[in-house]
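To start, the structure under review is shown below, and the notes come after it.
Sequence positions, counted from 1, serve as the residue numbers for this chain. Note that ligands are numbered from 1 as they come in the structure, with each ligand's atoms numbered from 1 the same way. Just so we're clear, the structure is a prediction, and the values are computed from it rather than from any experiment.
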Amino acid sequence: MISLASITLFWRSEQAYIEVTTDLFMTPYLFFDHNATTFLDPRVADAVAELGDVPLNPSSVHRFGREAKLIMERARKEVREALSVPPSDYEVVFASSGTEANNMALFGFPDHALFVSATEHPSVLQAAQSRGGVVIPVDKNGIICLDELDILLSESKRPPLVSVMIANNETGVIQPMQEIIERVHDKGGIVHTDAVQALGKIPVSVEALLPDMLTISSHKIGGPSGAAALVLARHLKPEPLLFGGGQERGIRPGTENVRAVHGFAVALSLAKERQVKMESLAHLRGSMESQLKELGAVIHGSHSLRLPNTSYITMPGVSYETQIIHFDLAGIAVSAGSACSSGRISASHVLQAMGVSEEAALATIRVSFGPELSEDGIDRFVRAWKALCERVSGGAG
Ligand code: PLP
């Protein structure tokens, strides 16, 4: 039995993982759930701490207010730099979360016909459902069906708003955004793209893609929760979700979360460094996946371009709960390929959209590595996987 009193948590300076010391095992606890959220980068934590306890309301005209305003404007500049945003064509609106920014984009244009891909994050998919949006199917590799998109666009009676994520949070599958954006623009529509998972893992450039709207979120790149941004083409005037003050040009009223935005800005300044480290993980992931495949694992989305840190793996016949508990006891944090809503566990909508059976989907876990992954981490994961396979095939699972 692990007693809570015996658990010590502390950051490693390079934020690779937390170390958990218990009576049972003296090995570091590996955090392989970086697509869910990330460690706060110590440089971000220091920068936020340096702000101290000063009252920071950018609407105030006194010196504290002016300081707060300056922090917000510096952060806007940081978003522009991190994403190569052409300054005169786009504006940056801060929000509290990627979820909020996605909702701002989707509900901001009620006169447009809405189309979203079947594998979007729930913050897009459910917003689209509640707004009568149409779902664009994906193929078995998780890639949006471009022919279907073309048909939907040509049949649309109203100007289309299409929302497709750059990279999927479960599979890591990367969409052909350039092609999607060109097709929608050719039909006179506008495109929103959710770049929450892509940022800090692969290059994201507004200048190169020219989407009409793009969402990013702070806590996925080593920043604090409570900050996100919607980058949007300057000529667009979305209806606000909230009404109140004139903050963020009235598009997102409410006193700004200046401390979180400041932390977000510092995390953005480090995003490139994070991306370079993440890109180097592809070979470690490849080595892990080939070893697991030999043990009977199925990897989803592996025929498509994927984020370098993400692997979505089925261990046939073994429920995701058994797997998560097993890995947790082996000192490794992974997450489920399923969602829990109203107390009911359902198979991942992403896998179902890719034609994966419910049974297989409920035997799937997601592994998402952080920038400091080592060969040793991979070895431990593969050993733990093997141990579970052996236990289950021996009838103990
Ligand atoms: N979009 C994607 C692809 C995500 O993975 C997430 C979070 O998991 C979100 C949006 C929502 O972001 P937030 O947690 O900041 O609300």
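Considering backbone and side-chain N/O atoms, G98 comes within less than 3.5 Å of an N/O atom of ligand 1. Considering both main-chain and side-chain atoms, Q197 comes within under 3.5 Å of ligand 1 through a nitrogen or oxygen pair.
In summary, the side chains of S304 and N141 do not present any donor paired with an acceptor at a separation below 3.5 Å, with no hydrogens or angles considered. Checking H300 against T314 by side-chain atom types alone, a donor-acceptor pair falls below 3.5 Å. A donor and an acceptor atom, one from each side chain of S97 and E100, are nowhere located under 3.5 Å apart. Side chain to side chain, H192 and T215 meet the donor-acceptor criterion of an N or O pair below 3.5 Å. No hydrogens or angles considered: nothing links the side chains of K277 and N309 as a donor-acceptor pair under 3.5 Å.
Closest to atom 4 (C) of ligand 1 among all protein heavy atoms lies H121 CD2, 3.3 Å. The protein atom (non-hydrogen) at minimum distance from atom 8 (O) of ligand 1 is K220 NZ, 2.5 Å.
Ligand 1 has no atom lying under 4.0 Å from any heavy atom of E120. Under a 4.0 Å heavy-atom criterion, S123 is in contact with ligand 1. Heavy-atom distances between E100 and ligand 1 stay at or above 4.0 Å for every pair.
Heavy atoms of S97 found under 4.0 angstrom from ligand 1 belong to the backbone as well as the side chain. When heavy-atom distances to ligand 1 are checked against a 4.0 Å cut-off, T99 comes that close through both its backbone and its side chain. Residue contacts with ligand 1, taken as heavy atom pairs separated by less than 4.0 Å, involve N102 solely via side-chain atoms from C-beta onward.
A salt bridge is absent between E81 and K272: the closest approach of a Lys/Arg side-chain nitrogen to an acidic carboxylate oxygen does not fall below 4.0 angstrom.
Set against the non-hydrogen atoms of H219, the atoms of ligand 1 under 4.0 Å away are 13 (P), 14 (O), 15 (O). Less than 4.0 angstrom separates some heavy atom of N169 from each of these atoms of ligand 1: 3 (C), 5 (O). Using a 4.0 Å cut-off to heavy atoms of D194, the atoms of ligand 1 that qualify are 1 (N), 2 (C), 3 (C), 10 (C). Ligand 1 places these atoms under 4.0 Å from at least one heavy atom of M165: 3 (C).
The side chain to side chain contact (heavy atoms under 4.5 Å, CB included) with I378 is formed by just one residue from the set L30, L284, L281, V367; it is L284.
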Working note: I313 + T364, criterion side chain to side chain contact (heavy atoms under 4.5 Å, CB included); need CA distance, chi angles, decisive distance, verdict. CA-CA 5 Å; I313 322 164; T364 301; 5.7 Å; no
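F327 and F32 have their aromatic ring centers separated by at least 6.0 angstrom.
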